[in-house]
Undergrad: 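The structure follows.
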Amino acid sequence: MPKTFYITTPIYYANSLPHLGHLYTTIVADAIHRYKKQRGFDVYFLTGTDEHGVNIQRAAEKNDRTPKEQVDYISGELKRMFAEFGLGPENGGYDIFMRTTEPFHYEGSQHLWREIAKNKTPKGNETIYKGFYEGWFCAPCAEFKTEEQYYVPDGSKTPHCPIHERPLDKVAEESYFFRLSDYDDWLIETIEADPKLLRPEARRNEVLSFVRGGLQDLSISRQKSAVSWGVPVPDDEDHVMYVWLDALSNYITALGYGNDRGGSTGVQKYWPAVHFVGKDILRFHTVYWFSFLKAAGLELPKTVYAHGMWLDADGRKMGKTLGNVIEVDVLHQHFQVDAVRYFALREMVFGQDGKFGYETLIDRANADLASGLGNLASRTFSMISKYRDGLIPSGKIAEDNYIHARRAGMDPDGGEIVSVLKHARDEFIRRFDNFEFSQALETLWTVIARIDKMISDAKPWELVKDEKQSETLNAVLYRATETLRWLSVMLYAVMPGAAREIYRQIGLGDDIEKIDPASLKWGELQPGTPIGETSAIFPRIDKSKVMNDITKAEPLASASETTADTETAPNASVGAEPSADGSAPETRDNFITIDDFLKVELRVGEIKVAERVPKADKLLRFEVDLGEDQPRQILAGLAEYYDPEKLIGRKVVVVANLKPRKMRGLESQGMICAASLTEEDSPAIATFLEDVKIGARLK
RNA sequence: GGCGGCGUAGCUCAGCGGUAGAGCAAGGGUCUCAUAAACUCUGGGUCGGAAGUUCGAAUCUUCCCGCCGCAACCA
């Protein structure tokens with residue numbers, strides 16, 4: 001029985017089109033899976049889509065599709081992108097494209113629910129209990145109101161709707177809860193006990209400190225009337241499973257947990273997994289997932305590894321508003337897949353964020369791939385053709401010729417090169433096993449430099465003119481070629497296509513994916529092997545031309561992207577759905593009457609004082625003159641976008657009859673109106689072009 | 001303001017108690033097998049600032065400044 005290895009990407013949330021984040025995580029997982037296969041593991045590689053939840057429903061509505069059509073569309077697009085980048089099964093990529101709408105997943109996740117419910121928490125309580133998701137409901141609004149959205153009039157105990165000025169009904173949506181609060185001690189102990197469990201270390205500490213801050217029980221269901229698109233809770237038709245329980249369980253249901261999908265796969269065989277996730281969803285994959293697994297009596301993952309995010313070339317977050325997004329279509333159109341893979345793995349350093357720019361990518365590809373690896377292959381093969389009729393010569397130097405070899409600066413028995421390579425190979429394996437891809441690759445590039453130097457020092461073009469140096473020349477060529485063989489075997493996981501091509505050009509077969517780097521032995525390359533047909537493996541990229549093409553095409557690409565408008569959630573990364581907590585049933589229609597509108601008292605105010613609130617990143621404190629006896633103190637989350645001093649004297653629109661509310665210990669007596677398109681978008685404060693009187697009412 | 005991290009050559013970073021390093025970029029030289037490639041020489045950087053511990057600090061301590069992450073605070 002071969003050792004098994006199970007690697008997963010997150011299943012990507014099917015409300016947004018594929019992007020660089022999806023591509024990156026999948027490339028990394030693919031590289032690991034190829035590497036582990038070479039190392040002799042029986043590997044199972046999972047990726048896929050998370051297809052339930054209210055955000056999918058909304059995205060579907062927005063695009064005039066049924067939820068099913070929506071998720072079919074997105075998962076289709078993802079598969080298409082993966083195929084383009086050679087990550088699909090047809091290219092030896094993922095083994096399963098998991099979809100949470102598969103019937104077997106329904107069975108499996110429901111089974112998981114039942115198993116969790118059977119057990120007790122580490123503190124001896126019921127794991128799942130039925131509770132109430134209490135809320136105040138305004139029937140006319142058809143909406144739950146949160147604490148910030150209602151007010152309690154004097155002399156009444158019942159909250160009132162600020163829009164309809166009527167008492168709210170206390171409605172409790174029934175919900176199942178997972179007793180997460182009982183898992184804190186266990187989580188801390190478990191995570192601390194195994195340094196491999198949660199990586200890298202900085203992230204591990206973050207999670208630990210989060211858990212130490214205390215955990216709240218987790219609502220793990222929604223009422224079907226509110227969210228219908230999901231896996232039904234077992235034995236309770238009225239409820240649907242909360243997305244994270246549903247989504248996370250995919251990692252085991254895909255292996256046949258709780259369903260009859262099995263055959264070659266199986267929980268016993270492949271579980272536990274190594275999960276590769278973006279750092280933004282780390283908490284779900286640790287705090288929640290670990291607890292669910294523990295509750296169900298299952299083993300925890302071997303490792304949850306949180307990788308960094310890609311920033312743009314200047315180190316800023318990528319976003320539509322900034323227009324600095326790397327488009328996967330552009331990558332595919334202008335770059336070799338292997339160059340993209342190399343860049344992704346070389347440029348993102350272990351656990352840190354990376355910068356991704358087309359220019360940086362070109363520089364890397366030209367320096368490392370074209371001038372480095374590609375050129376080494378090219379000069380080596382060219383000399384073999386020219387000097388040795390295309391046959392790989394023997395690397396052996398007879399002792400009588402040692403003196404000549406030494407004169408040419410060559411180590412006669414080649415021991416030095418061999419030890420350099422062995423060392424590099426061990427280092428490569430150590431780094432790769434540790435997911436330190438960047439350093440692993442760096443190690444190999446020192447080898448390339450070393451061999452380039454060997455060639456330059458030995459000067460084959462002079463050796464060829466001297467009969468006595470025939471063996472020295474042979475040795476140079478043999479060592480260079482043998483090094484290329486080693487390199488290509490090690491690089492296969494990172495650049496499958498290019499590695500295979502180098503291998504072929506050396507004149508070897510195409511079983512490279514089966515060769516274990518650890519088993520490489522110097523000298524296995526047979527002298528006399530005719531090299532294959534050669535051509536440039538990494539053609540040099542014309543930087544100015546390609547950059548030109550990209551920048552020309554760019555505005556078009558981003559324009560069509562925005563009109564396509566498939567995205568709803570602004571979540572940059574993978575598999576992330578914001579907590580469904582407290583989100584309310586949708587309103588029937590969007591019209592309000594003039595009376596409704598007039599209930600909102602909008603007044604013109606002049607900002608007298610504006611300053612940052614200490615201890616708060618986003619909060620500004622204003623004193624606004626509304627023409628009343630006292631200026632109002634108003635707090636607003638604008639600190640990230642406005643310089644307080646510049647706002648003083650500005651006339652703004654204030655919601656004057658908003659229920660006062662305390663924030664950061666300060667009472668906010670109103671609200672300053674500002675416009676923004678999305679959460680991410682920077683807001684613009686509403687102002688007047690004409691001179692208006694302070695206190696004037698807007699209607 | 002809480003917790004954590006970072007600040008070292010133009011850029012990316014390594015070094016983490018004993019006289020400042022690597023890669024890339026730039027400039028000079030050599031060479032021609034090669035994808036204008038490779039090889040080679042060239043970096044005089046207050047190691048963010050200040051104070052302290054020490055025979056000795058980029059390396060330990062404290063304070064300050066500036067970034068970033070997590071959490072909290074906005075709609």
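Numbers restart at 1 for each chain; the letters A, B, ... are given by sequence-line order, proteins then strands. Every value quoted in this text rests on a predicted model; they were computed, and no experiment measured them.
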Undergrad: Within the pair A:Arg283 and B:C70, is there a side-chain N or O less than 4.0 Å away from OP1 or OP2?
TA: no
Undergrad: If we take the P atom in both B:U40 and B:G5, what is their distance in whole Å?
TA: 40 Å
Undergrad: Among A:Leu187, A:Leu208, A:Leu198, whose side-chain contact (heavy atoms from CB on, under 4.5 Å) with A:Glu192 holds?
TA: A:Leu208
Undergrad: A:Ser209 near the nucleic acid: base, sugar-phosphate alone, or nothing, with a heavy-atom cut-off under 4.0 Å?
TA: nothing
Undergrad: Taking the side chain as everything from C-beta on, heavy atoms only, tell me whether A:Phe343 gets closer than 4.5 Å to A:Phe335.
TA: no
Undergrad: Suppose we define a pair by two distances each less than 3.5 Å, Watson-Crick or G-U wobble; what does B:C3 pair with here?
TA: B:G69
Undergrad: Could you give the distance separating B:U46 and B:G7 at their C1' atoms, to the nearest angstrom?
TA: 15 Å
Undergrad: Does A:Lys468 have more than 12 heavy atoms from other residues, nucleotides or ligands lying within 6.0 Å of its NZ?
TA: no
Undergrad: Go through B:C33, B:A38, B:U32 for me and flag the one nearest to the A:Lys386 side chain.
TA: B:C33
Undergrad: Look at all strands and tell whether A:Lys355 reaches a base, only sugar-phosphate, or nothing, counting heavy atoms closer than 4.0 Å.
TA: sugar-phosphate
Undergrad: Measure up the A:Phe284 and A:Trp244 rings against each other and bin them: parallel (under 30°), tilted (30 to 60°), perpendicular (over 60°).
TA: parallel
Undergrad: Provide, to the nearest angstrom, the distance between the CG atom belonging to A:Asn205 and the P atom belonging to B:A71.
TA: 14 Å
Undergrad: Using the C1' atom as the reference point in each nucleotide, state the distance between B:C55 and B:G29 in Å, no decimals.
TA: 45 Å
Undergrad: Check every atom of B:U32, B:C24, B:U35 against the side chain of A:Ala367 and return the nucleotide holding the closest atom.
TA: B:C24
Undergrad: So which protein nitrogen or oxygen atoms get under 3.5 Å of nucleotides 39-42 of chain B's nitrogens or oxygens?
TA:
unit_1, atom_1, unit_2, atom_2, d
B:C39, O4', A:Ser456, OG, 3.2
B:U40, OP1, A:Lys453, NZ, 3.2

Undergrad: Between B:C73 and B:A22, how many Å separate the two P atoms, rounded to a whole number?
TA: 49 Å
Undergrad: Expressed as a whole number of angstroms, how long is the span from A:Gln216:CD to B:A72:C1'?
TA: 14 Å
Undergrad: Tell me, do A:Met495 and A:Ser488 make a side-chain contact under 4.5 Å, heavy atoms counted?
TA: no
Undergrad: Considering only the C1' atoms, how many Å lie between B:C13 and B:U32, rounded to the nearest integer?
TA: 34 Å
Undergrad: Take the angle between the ring planes of A:Phe276 and A:Phe437 and call it parallel below 30°, perpendicular above 60°, tilted in between.
TA: tilted
Undergrad: Pick the C1' atom in B:C6 and in B:G15, then give their distance to the nearest Å.
TA: 15 Å
Undergrad: From C-beta outward on A:Arg203, which listed nucleotide comes closest to its side chain: B:G69, B:C13, B:A38?
TA: B:G69
Undergrad: Please state how far atom CH2 in A:Trp445 lies from atom P in B:A22, giving the value in whole angstrom units.
TA: 21 Å
Undergrad: Considering every strand shown, what is the Watson-Crick or G-U wobble mate of B:U61 when both distances are under 3.5 Å?
TA: B:A51
Undergrad: Does the ring of A:Phe210 carry A:Arg283 above it, NZ/CZ under 6.0 angstrom from centre and within 45° of its axis?
TA: yes
Undergrad: Answer with yes or no whether the side chains of A:Glu436 and A:Asn434 bring together a donor and an acceptor at under 3.5 Å.
TA: yes
Undergrad: Between B:A20 and B:A26, how far is it from one P atom to the other, in whole Å?
TA: 28 Å
Undergrad: Does a nitrogen or oxygen in the side chain of A:Lys279 sit under 4.0 Å from OP1 or OP2 of B:G69?
TA: no
Undergrad: Within this structure, what is the CD-to-P distance between A:Glu201 and B:C6, rounded to whole angstrom?
TA: 11 Å
Undergrad: Which whole-number value in Å describes the distance from A:Met383 CE to B:A38 C1'?
TA: 10 Å
Undergrad: For the pair made of CG in A:Leu484 and P in B:C33, what is the distance, rounded to whole Å?
TA: 19 Å
Undergrad: Could you tell me how far apart A:Ile502 (CD1) and B:U35 (C1') are, to the nearest whole angstrom?
TA: 13 Å
Undergrad: Could you tell me whether A:Arg603 and A:Glu601 make a salt bridge, using a distance below 4.0 angstrom between a side-chain N and a carboxylate O?
TA: yes
Undergrad: Mind checking who B:C13 pairs with, Watson-Crick or G-U wobble, both distances under 3.5 Å?
TA: B:G21
Undergrad: Heavy-atom nearest nucleotide on RNA chain B for A:Pro460 versus A:Arg364: which residue maps closer to 5'?
TA: A:Arg364
Undergrad: Using a cut-off of 4.0 Å on non-hydrogen atoms, how would the nucleic acid contact of A:Ala370 be classed: base, sugar-phosphate, or nothing?
TA: base
Undergrad: Just name whichever nucleotide pairs with B:A38, Watson-Crick or G-U, keeping both distances under 3.5 Å, else none.
TA: B:U30
Undergrad: Checking A:Ser470 side chain against A:Asp466 main chain: does a donor-acceptor pair fall under 3.5 Å?
TA: no
Undergrad: Of the candidate nucleotides B:A75, B:C33, B:G69, which contains the atom at the shortest distance from the side chain of A:Met671?
TA: B:A75
Undergrad: Nearest of B:G69, B:U35, B:C33 to any side-chain atom of A:Arg379?
TA: B:C33
Undergrad: What nucleic acid atoms does A:Ile537 come within less than 4.0 Å of, heavy atoms only: base, sugar-phosphate, or nothing?
TA: base
Undergrad: What is the nucleic acid contact for A:Phe381, judged by heavy atoms within less than 4.0 Å: base, sugar-phosphate only, or nothing?
TA: nothing
Undergrad: From the list B:C33, B:G69, B:A38, which nucleotide is the closest neighbour of the side chain of A:Asn375?
TA: B:A38
Undergrad: Counting only Watson-Crick or G-U wobble pairs whose two distances fall under 3.5 Å, which nucleotide matches B:G43?
TA: none
Undergrad: Between A:Asp363 (CG) and B:A25 (C1'), how many Å, whole number?
TA: 9 Å
Undergrad: Can you check the distance between B:G28 and B:G43, where both ends of the measurement are the C1' atom (answer in whole Å)?
TA: 14 Å
